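Below: the structure, in structure tokens.
Order of the sequence lines sets the chain letters (A, B, ...), proteins ahead of strands, with each chain counted from 1. From a predicted model like this one, the values you see are computed outputs, not experimental measurements.
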2 protein chains.
Amino acid sequence: MSRAETSRRGSRPGRAGIRDVAAAAGVSITTVSDALNGKGRLPDATRRHVREVADRLGYRPSAAARTLRTGKSGLIGLTVTTYGDEPFTFTEFAYFAEMARAATSAALARGYALVILPATSRHDVWSNVALDGTVVIDPSDQDPVVSELVRQGLPVVSDGRPAGSLPVTAWVDNDHEAAVLGILDHLADAGARRIGLLTGTSTDTYTHLSTTAYLRWCERVGQDPVYEAYPAHDPCAGAVAADRLLARPDRPDAVYGLFDPNGTDLLAAARRYGLRVPDDLLLVCCSESTMYASTEPPVTTLSLKPRRIGTAVVQLLIDAIEGVESEQPVEQVIPTELIVRTSSQRRSPRTTVSPPRTPDDR
Amino acid sequence: MSRAETSRRGSRPGRAGIRDVAAAAGVSITTVSDALNGKGRLPDATRRHVREVADRLGYRPSAAARTLRTGKSGLIGLTVTTYGDEPFTFTEFAYFAEMARAATSAALARGYALVILPATSRHDVWSNVALDGTVVIDPSDQDPVVSELVRQGLPVVSDGRPAGSLPVTAWVDNDHEAAVLGILDHLADAGARRIGLLTGTSTDTYTHLSTTAYLRWCERVGQDPVYEAYPAHDPCAGAVAADRLLARPDRPDAVYGLFDPNGTDLLAAARRYGLRVPDDLLLVCCSESTMYASTEPPVTTLSLKPRRIGTAVVQLLIDAIEGVESEQPVEQVIPTELIVRTSSQRRSPRTTVSPPRTPDDR
DNA sequence: CACCTTGGGAGGCACGTTTCTGCATGGCCA
DNA sequence: TGGCCATGCAGAAACGTGCCTCCCAAGGTG
């Protein structure tokens, strides 16, 4: 059977294979492969000729075949823990969305594409996609997905310090304790006498570290802890918890909320109780939303810098995939940023509107 | 060379191939494949035996080989137009994040994974990933990416009515004209005499359709148009444009803002000019953020239902991939939802806080 | 003239599946 | 007893690349 016949039989009308290019250019498959990939010893004339023929035929190399042959797919996974049937929770939404966006950008800039896969996904989805490596967000202790991945020899980089002895390749995280302590000191400096905390009931690392840091700070300065915990994945529960916190007999004169919607919820609750912010109540919450720059009053927020984390995580992962021994340490701590606005400044409240923030370096 | 030798040479220590399973189970490759995929004529005993051996060896079928053989990768692309170097713009961020989340969920529920790819990505990324089909968001007229994809015979479903004669397989969109007209009527009903518009300078379909609908409505009711346009991708420009709109000599007594941050920006501008909302100024903006439920006052928002759109788009795409002739029409119009809050109700303003919204069906 | 080097390119195997085809066996019926 | 069908599996051909090996011709060198 002639080569022309072979190539004609296998391919559907729309798709040209490397064999078709070779036949049309009058060269061998090897030459086509070498010419298009910049390898081998070929004169420029041949290289250009092959490229031109390939363009004319609209040739696109088969990603599946290349992956099978080289063992590299150019795909990295982004694994998130799921609550219910949604890929990510409501409260972490802004953080996760920003982080995923930055990760996508960073991956694309290095020639990789990013696939979002929930940790508890149907098994067939996981085995249907060839991954070169995976980013896991806040993996739980003894996470079965991570173990399985490292068993397959794939690099795994974690957003969030891995609990227990999870064998991740690298990890990136904030210093949550330092962030909470910084905020509590900031509130105390602004005149707070009793600082309350709005926290979550779930057992993830972020909630746990932040809460214990708060409790230790209270112990150190001799304040009774005043906090309300609620299921953070329930968007309605936050408003109720904020209300409960301000309804307590030992009502705090300053509150830090660990989750994104806590700021508006606390503002609304303060209005209901006739509390002026910041005069009667100082407010800080952890959020990535720029809307807090133009609320009444503007609310001081702690940014966890999801964009920097997403970028760093992907860089570490791709370095590991490509065997680059990164100059960066395999454990990176990204500093948080406290964006101080009116809600946490009792002295000399700014009357001017705080300048709009640039979208970069968030 | 014996089969055992063959299988031992090719595979790395960590990964077991189908040949290893066949050898360990004492059957042929065909039998393993049939047993694991539920095909062929095999007694249950053989099937169970093969499955057990495969589990014991930790066998995971190679996605690349399967894709190469079957032509189906189980991956669908989500293509977004880029402004600058980021995958999606700042103003569309909440909409896009929600839409992408819903699309991811819907894809996973049907056994597919979703890859986010910017339209103007480096070409090697596009050719490195095997896609079964693609969702494009708001494709421009004569979009080269779409043409290329349909030339390859891949189904393409569009979020947003395709401009020109773009040969998409199906599309999903809101009725933006009807939405704008509904809002303008709503504001007029609430007592507005001169309604202003905060719009964008870019030429995408959403901005264009909404603005022309506004202009036609003005013509019909005999009102002079009062609008300010600003580059929507610039997060700072919105605040300036909101300020400009309220500083005009023909200051409107009601404003509709086309983009997500317009609500807080307009609220801040109104405070600067001493305008009470809703008494002196009625306010509506298009947003997916639940924060507008607890601003002061709560702001009426138009939701474009990104979750329903993301789900619908993916369903249509997978139906097309799998050759299902969908009962649904290939052109779906998703209704928008006007969430009426205090900012657009001059009569009987609600003093109670509007109930927190459920996260579903947004 | 024999030998080596270097450029230019072809042959063919392997990656790990899926699946088409076909072989053997045994039971059933005419 | 011979044909026939159902059952239970094995062989082997693809799928489309990448790359290792090898071949050939043209010079250069002793």
Between [atom2] on [N] and [atom1] on [X], what's the gap in Å once rounded to a whole number?
X: B:Ile29; N: D:dA13; atom1: CD1; atom2: P; value: 13 Å
X: A:Leu68; N: C:dC13; atom1: CG; atom2: C1'; value: 13 Å
X: B:Ile18; N: C:dT19; atom1: CD1; atom2: C1'; value: 11 Å
X: B:Arg19; N: D:dG11; atom1: CZ; atom2: P; value: 14 Å
X: B:Arg69; N: C:dT19; atom1: CZ; atom2: C1'; value: 5 Å
X: B:Lys72; N: C:dT17; atom1: NZ; atom2: C1'; value: 17 Å
X: A:Leu36; N: D:dC19; atom1: CG; atom2: P; value: 13 Å

Return each pair, listed once, that meets salt bridge (charged side-chain N to carboxylate O under 4.0 Å, His left out) where at least one residue sits in residues 37-62 of chain B; pairs must be two or more places apart or across chains.
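Of all non-adjacent pairs touching residues 37-62 of chain B, those that pass salt bridge (charged side-chain N to carboxylate O under 4.0 Å, His left out) are A:Glu148-B:Arg60.
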Near-strand residues of residues 37-49 of chain A, defined as heavy-atom separation under 4.0 angstrom from DNA chain D
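The answer is A:Asn37, A:Lys39.
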Parsed dot-bracket for DNA chain D after applying the Watson-Crick and G-U rules with both distances under 3.5 Å and | for other-strand partners is ||||||||||||||||||||||||||||||
State, with a plain yes or no, whether a side-chain heavy atom of [X] is found less than 4.5 Å away from one of [Y].
X: A:Leu75; Y: B:Leu75; value: yes
X: B:Leu36; Y: B:Tyr59; value: yes
X: B:His49; Y: B:Thr31; value: no
X: B:Arg110; Y: B:Asp319; value: yes

With A:Thr205 via side chain to side chain donor-acceptor pair (under 3.5 Å) - residues at least two apart:
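A:Thr205: side chain to side chain donor-acceptor pair (under 3.5 Å) contacts with A:Asp138.
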Mind checking what makes side-chain contact (heavy atoms from CB on, under 4.5 Å) contact with A:Thr134, not counting sequence neighbours?
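Listed in chain order: A:Thr79, A:Trp126, A:Leu131, A:Val136, A:Leu149.
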For a quick test of reading the model: is some side-chain N or O of A:Arg66 closer than 4.0 Å to OP1 or OP2 of D:dG16?
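So the side-chain polar atoms of A:Arg66 never come under 4.0 Å of the phosphate oxygens OP1 or OP2 of D:dG16.
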Check whether any side-chain N or O of B:Ser62 sits under 4.0 Å from OP1 or OP2 of C:dG16, and answer yes or no.
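For C:dG16, OP1/OP2 do not have a side-chain N/O of B:Ser62 under 4.0 Å.
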On DNA chain C, does the nearest nucleotide to B:Ala65 precede the nearest nucleotide to B:Asp34 from the 5' side, or the other way round? Give the residue.
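Of the two residues, B:Ala65 wins.
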Return the set of residues passing salt bridge (Lys or Arg N to Asp or Glu O under 4.0 Å) with B:Asp173 (not counting sequence neighbours), or none when no residue passes.
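With sequence neighbours excluded, B:Asp173 shows a salt bridge (Lys or Arg N to Asp or Glu O under 4.0 Å) to B:Arg161, given in chain and number order.
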Nearest heavy atoms of A:Val168 and A:Pro162, plus distance in Å
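Closest heavy-atom pair between A:Val168 and A:Pro162: CG2-CG, 3.7 Å.
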5' precedence on DNA chain D between B:Thr30 and A:Thr31 (nearest-nucleotide basis):
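Mapping each residue to its closest nucleotide by heavy atoms, the 5'-most match is B:Thr30.
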